[in-house]
Amino acid sequence: MAGDTLLVQLMHNWQEIAKKDQKRILRQQKPLGSFAQTNYSYVSKADPLQKLNLYFPLANSSAEKLPTIVDIHGGGWMYGDCHLNDNYCRFLASQGYAIMSMSYRLLPQVGLKKIVEDIFESLHWLEKFGPQKGFDLARVLLVGDSAGGHLAGLTLCIQKNPQLQSLYEVEALKFNFDALAVVCGVMEPSKLALGKGIMSQAANLQLDLMIGQDSEIADTIDFSQVCQNIDLPPIMVIGGEEDSFWWQTKLFLKALKKSQLRFQTKIWLHSQGSHLKHVFNVTHWEWAESQETNLAMLNFFKQTIAKK
């Protein structure tokens, strides 16, 4: 009964966040200079959440393929879809990139293994159809915010590790990711109980939902568990001291240092503004601080692919 009550509270929390997000999105001005193609099904007989969106700059003066950004939305593994980060993706596209963002099935409908399966299915769709639509899959940045950061980090590690591919029952992609950018990532789900708020109160329930009947993945949920002994590409860590999950960013940085992975940071301090909260650069693309952050991320990507 206690677990059922917690689940109801948790889902109510995300419903309230959804209402606030919808109000914010409706009043926000859309970025100029890009356009979207929406709601492609990436599997046959698709669930409503097995869809993806594509974004492109309006002004693409050459026939050359554009560098690719794959965005994985956050939402505590329980909320969101490929439209949640619409304005953020439009802004990134306006800077000269081809963007793909996917929906994926959510807790409690499915567990983490099926979420990962959906992400890889969407990436295989991009592998098949992206090049003819102008995506350059020789230049790919993987991005995720909050729980999407966790999923992006996990996806990157699975792509680089055949054992993890077998465990999660996914097929490796024919293209690789040149870099990873994580925005306010919640990278250590098994440690959620260390924090505050409803997600921490429901930490054990969320872990149970994530693992479900797939007990074989229980030791491969946290980024710190799966990143060891893998040669990963450069990583950019975006975060801030006003973020309610700042403590998770610190755990992420600790894991990167311990595994001696290449990374750089864009961290906002308390003194730089109390409004710079969780995933602010995704939810408020229009703020000067957000544009500074997102352009820094794109510059990181440019520098990375220039070294290839």
Side-chain angles (χ1 to χ4, degrees), residues 11 14 18 34-56 65-66 68-86 88-90 92-93 97-138 140-145 147-148 150-177 209-214 216-217 220-221:
M11 295 186 75
W14 286 114
S34 62
F35 69 96
Q37 298 175 353
T38 62
N39 292 317
Y40 288 96
S41 296
Y42 56 79
V43 294
S44 60
K45 299 180 181 179
D47 180 279
L49 286 174
Q50 292 174 308
K51 303 288 182 71
L52 59 83
N53 291 345
L54 308 177
Y55 300 85
F56 304 93
K65 293 183 177 67
L66 296 168
T68 296
I69 298 176
V70 173
D71 177 59
I72 304 180
H73 73 82
W77 308 277
M78 296 190 75
Y79 160 64
D81 59 26
C82 58
H83 305 292
L84 182 61
N85 293 351
D86 184 71
Y88 170 67
C89 290
R90 286 176 184 271
L92 297 178
Y97 295 84
I99 317 295
M100 186 270 270
S101 67
M102 84 293 289
S103 303
Y104 47 86
R105 287 170 295 171
L106 301 162
L107 307 180
Q109 178 189 356
V110 298
L112 180 62
K113 192 169 179 179
K114 289 296 184 183
I115 292 174
V116 169
E117 178 184 301
D118 283 356
I119 290 169
F120 269 85
E121 288 284 4
S122 75
L123 292 166
H124 282 299
W125 185 98
L126 185 67
E127 179 180 82
K128 184 176 181 180
F129 297 107
Q132 69 195 50
K133 291 182 175 294
F135 285 77
D136 183 357
L137 299 184
V140 185
L141 172 66
L142 179 60
V143 182
D145 63 280
H150 164 258
L151 294 171
L154 187 55
T155 297
L156 180 68
C157 293
I158 292 170
Q159 170 63 11
K160 300 285 284 186
N161 187 320
Q163 290 180 318
L164 290 173
Q165 292 158 25
S166 177
L167 199 61
Y168 280 87
E169 298 184 78
V170 295
E171 183 180 341
L173 305 164
K174 294 184 176 66
F175 67 90
N176 281 302
F177 302 105
L209 292 173
M210 290 177 97
I211 295 168
Q213 302 300 311
D214 303 311
E216 69 277 8
I217 70 167
T220 64
I221 286 178

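Because the structure is predicted, anything quoted here is derived from the model rather than measured. The first residue of the sequence shown is numbered 1, and numbering continues consecutively from there.
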Worksheet item: Do the two ring centres, one from Y42 and one from F120, sit under 6.0 Å apart?
Response: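 No, ring centres 6.0 Å or more apart.
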Worksheet entry | Aromatic ring proximity H73/Y79, centre distance under 6.0 Å |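 Not under 6.0 Å, so no.
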Discussion item. For a side-chain contact (heavy atoms from CB on, under 4.5 Å) check, start with the C-alpha distance between T155 and L123, then their side-chain angles and the critical distance, and finish with the verdict.
Written reply: CA-CA 10 Å; T155 297; L123 292 166; 3.9 Å; yes
Verify, without hydrogens or angle tests, whether [X] (side chain) and [Y] (backbone) share a donor-acceptor contact under 3.5 angstrom.
X: E127; Y: K174; answer: yes
X: T68; Y: A98; answer: no
X: H150; Y: I221; answer: yes
X: S101; Y: C82; answer: yes
X: N39; Y: L52; answer: no
X: Q165; Y: Q159; answer: yes

Of all the heavy-atom pairs spanning [X] and [Y], show the shortest one and how long it is.
X: T220; Y: L154; value: O-CD1, 3.6 Å
X: H124; Y: A172; value: CE1-O, 3.4 Å
X: N176; Y: V140; value: O-CB, 3.8 Å
X: V170; Y: E117; value: CG1-CA, 4.0 Å
X: P108; Y: M78; value: CD-CE, 3.9 Å
X: V43; Y: A46; value: O-CB, 3.5 Å

Worksheet item: Taking C-beta and beyond as the side chain, do Y55 and I69 meet within less than 4.5 Å on heavy atoms?
Response: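 Y55 does not reach I69 side chain to side chain.
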Nearest 0.5 Å, what's the [atom1]-[atom2] distance between [X] and [Y]?
X: L137; Y: K65; atom1: CG; atom2: NZ; result: 8.5 Å
X: R90; Y: N85; atom1: CZ; atom2: CG; result: 12.5 Å
X: L112; Y: I211; atom1: CG; atom2: CD1; result: 8.5 Å
X: N53; Y: D71; atom1: CG; atom2: CG; result: 10.5 Å
X: S41; Y: E121; atom1: OG; atom2: CD; result: 12.0 Å
X: L126; Y: Y40; atom1: CG; atom2: OH; result: 11.5 Å

Worksheet item: Has Q163 got more than 12 heavy atoms of other residues, nucleotides or ligands less than 6.0 Å from its CD?
Response: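 No, not enclosed.
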Worksheet item: Quick check: are there more than 12 heavy atoms from other residues, nucleotides or ligands sitting under 6.0 Å from NZ of K133?
Response: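 Yes, because the 6.0 Å sphere around NZ of K133 holds more than 12 heavy atoms from other groups.
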Item to complete: Go through W77 and L209 one step at a time and tell me if the side-chain contact (heavy atoms from CB on, under 4.5 Å) criterion holds.
Response: CA-CA 10 Å; W77 308 277; L209 292 173; over 6 Å; no
Item to complete: Mind running side-chain contact (heavy atoms from CB on, under 4.5 Å) on Q109 and D47 for me, showing each step along the way?
Response: CA-CA 11 Å; Q109 178 189 356; D47 180 279; 3.1 Å; yes
Discussion item. Could you go through C157 and L164, starting from their C-alpha distance and side-chain angles, then the distance that decides it, and tell me whether this counts as side-chain contact (heavy atoms from CB on, under 4.5 Å)?
Written reply: CA-CA 8 Å; C157 293; L164 290 173; 4.2 Å; yes
Worksheet item: Between Y168 and D214, do the side chains contain an N or O donor and an N or O acceptor separated by less than 3.5 Å?
Response: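 Side chains of Y168 and D214: no pair found under 3.5 Å.
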Practice prompt. Measure the acute angle between the ring planes of F175 and F177, then classify it against the limits of 30° and 60° as parallel, tilted or perpendicular.
Written response: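 Plane angle over 60°, so perpendicular.
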Discussion item. Between D118 and K114, does any side-chain N to carboxylate O distance fall below 4.0 Å?
Written reply: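 Salt bridge flag = no for K114 with D118.
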Fill in: From F56, Y97, F129, residue fulfilling ring pair (Phe, Tyr, Trp, His ring centres under 6.0 Å) relative to F135
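Testing each of F56, Y97, F129 against F135, the sole residue satisfying ring pair (Phe, Tyr, Trp, His ring centres under 6.0 Å) is F56.
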